[in-house]
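So the structure is just underneath, and the comments pick up after that.
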Protein chains: 2
Amino acid sequence: MTTTARGLHARVLDALGPAITAGEYPPGCVLRTDELAQRFEVSRSVMREAVRVLESMHLVASRRRVGVTVRPAAEWDVYDPQVIRWRLAGRDRPRQLRSLTVLRSAVEPVAAGLAARRASAGQCAELTECALGMVATSRGHQLEAYLVHDIAFHRIVLNASGNEMFARLGDVVAEVLAGRTHHQVMFADPDPAAVTLHVQVAAAIREGDGARAEELTREITVGALHELDVLAP
Amino acid sequence: MTTTARGLHARVLDALGPAITAGEYPPGCVLRTDELAQRFEVSRSVMREAVRVLESMHLVASRRRVGVTVRPAAEWDVYDPQVIRWRLAGRDRPRQLRSLTVLRSAVEPVAAGLAARRASAGQCAELTECALGMVATSRGHQLEAYLVHDIAFHRIVLNASGNEMFARLGDVVAEVLAGRTHHQVMFADPDPAAVTLHVQVAAAIREGDGARAEELTREITVGALHELDVLAP
DNA sequence: GTGAGATAAAAGTCTGACTTTTTGGGTCTG
DNA sequence: CAGACCCAAAAAGTCAGACTTTTATCTCAC
């Protein structure tokens, strides 16, 4: 997972990005390229490339004679996969997990509704297979296997919606589901009701019942939100 | 709007980004940094910075001995505001507008529902003011003034939802609304039903009626989708 | 045909010099 | 004392050139 040799600038980013998103540099804080280059022991060219990327994510703004200033969190490109990963790895992971789950609760039901009208036969088959896989691994502490099926299930729904914006959220949903499994109820088996709902969603999509697929998926995401309410303050 | 002097690398991006997102360079197409630098008459350093940014948007991948290869559209960071802008300016603007409108139809109702529970008194006041502004400019071909209020309205709702992911979609919604006004029904006045709905949404949020705010907003976005269906193939 | 090694192409890195913009202060004037 | 103006320095921005590293491909012996 951790590629240690994909370029100096990437390594600098892996250090600076998390630090900034974690709030180690407060908004308005001014950095200087040369100083950073020295700190990370890279040339100015490399440092400049890293700053450019940070700038394209709206994490910082670079202005002549003043330096590289950290922008307030409200301006960050919160949908950038890298920014999401950095924030999920950092201090306010819970808040991040919550806002992403709320996003899921808005998007996934609509995506499921669309999928019911547009999913191909192959996608329906995959979906059913995933649901069955979830059932099969839902008991006996097979959480990792369950997670794999769960992620695949939601990814297929998002792809089958035929909307590119929805499809691109597959990675985000994967992160959220993985985060939930790895940081909360590692001990308990998944909620049986949720498992059943997934099976029913697969059926509804297979049968082309968009309204039902949407409603059932809404139940799933409401459940996920409720789970967060219970387990996190 | 068009800042012509915010750095050479930005100007290169403004040329390359739209070209790539427009599909002028097919996926898998290989570019070379040096060649590009010559073509745009900039130094390699500047070109490299531009390529880095393109790479961070997943528009291209840079590999040694191979070059800079254009990635397939499915891998692009479709939520990057700059990518959105480039695509909206390009060939498949209609498709882009549609997928963004579908996204709106998923997000905005949920955002409105949340806003009803979390909007501050100030936000409620602003919202009401916007709605009244929409009413006032809804007749007599004052489309530009109407658009300003419309954008402000939706932005406030998204912000008032208290969810950072929703809030960040304010710019996207603004682009969509502006696109609609400027490229479709420039001649006709806004749909009176939509205007009424906005007033009602503002009222529902003011009264803290989340369910009603959500349902009304759903009607607004369904209307927007339907409008697209009617006016675009 | 297959595997090992040579080759070269392209990205990656570093350095140093130069340019441009911007800010903050100092000065001059009213 | 206030305000306009100018100057100098600071930092980003740009450029050119040399060097390193990776890696796809080609060659050649087996």
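None of these values were measured; they are calculated from a predicted model. Letters go in sequence order (proteins before strands), and every chain restarts at 1.
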To the closest 0.5 Å, what do you measure between OG (S62(B)) and CZ (R32(B))?
12.5 Å
For the student: nearest non-hydrogen atoms of V51(A) and V60(A), plus distance:
O-CG2, 4.1 Å
Rounded off to whole Å, could you give me the CD-to-P distance for the E41(A) and dC14(C) pair?
10 Å
Distance from M47(A) atom CE to L54(A) atom CG, nearest 0.5 Å?
7.5 Å
Applying a 4.0 Å non-hydrogen cut-off, can you work out what S45(A) is touching in the nucleic acid: base, sugar-phosphate, or nothing?
base
Could you tell me if E164(B) and S99(A) have a donor-acceptor pair between their side chains, going purely by distance under 3.5 Å?
yes
Listed once per pair and sorted, the salt bridge (charged side-chain N to carboxylate O under 4.0 Å, His left out) pairs that draw on residues 18-28 of chain A, sequence neighbours left out
none
Would you mind checking if R6(A) and D14(A) are paired as a salt bridge, meaning a charged N to carboxylate O distance below 4.0 Å?
yes
In Å, rounded to the nearest 0.5 Å, how long is the span from CG of L36(A) to CG of L31(A)?
5.0 Å
Under 3.5 Å between N/O atoms: give me all the protein pairs with nucleotides 3-9 of chain C, atom names plus distance.
from, atom 1, to, atom 2, distance (Å)
dA8(C), N3, R65(B), NH1, 3.3

Evaluate the side-chain contact (heavy atoms from CB on, under 4.5 Å) criterion for residues T128(B) and R206(B): first the C-alpha distance (whole Å), next the side-chain angles of each, then the deciding distance (0.1 Å), finally the verdict.
CA-CA 8 Å; T128(B) 305; R206(B) 200 170 46 234; 2.6 Å; yes
Does the base of dG16(C) carry an N or O that pairs as donor and acceptor with the side chain of R44(A) under 3.5 Å?
yes
Range on DNA chain D touched by chain B - first to last nucleotide, heavy-atom distance under 4.0 Å
dT14(D) to dA24(D)
Which residue pairs satisfy the ring-ring contact (aromatic ring centres under 6.0 Å, His included) criterion with at least one member in residues 144-164 of chain B, sequence neighbours excluded?
F153(B)-H198(B), H154(B)-H198(B)
If you find the nucleotide of DNA chain C closest to R63(A) and the one closest to D34(B), which residue's nucleotide is nearer the 5' end?
D34(B)
Spatial distance of atom CD1 (I205(B)) from atom CZ (R118(B)) [nearest 0.5 Å]:
13.0 Å
List in numerical order all residues of residues 47-61 of chain A for which some heavy atom is under 4.0 Å away from an atom belonging to DNA chain C.
none
Sidechain-backbone polar pair: N163(B) side chain, F166(B) backbone, donor-acceptor under 3.5 Å
yes
Might you point out which heavy atoms bring P94(A) and R91(A) nearest each other, and give the distance in Å?
CD-O, 3.8 Å
Atom pair CG (L16(A)) and CD1 (I20(A)), whose distance is rounded to the nearest 0.5 Å
5.0 Å
Bend angle of the helix from dG1(C)-dC30(D) to dG30(C)-dC1(D), end axes from five pairs each (to 10°):
10°
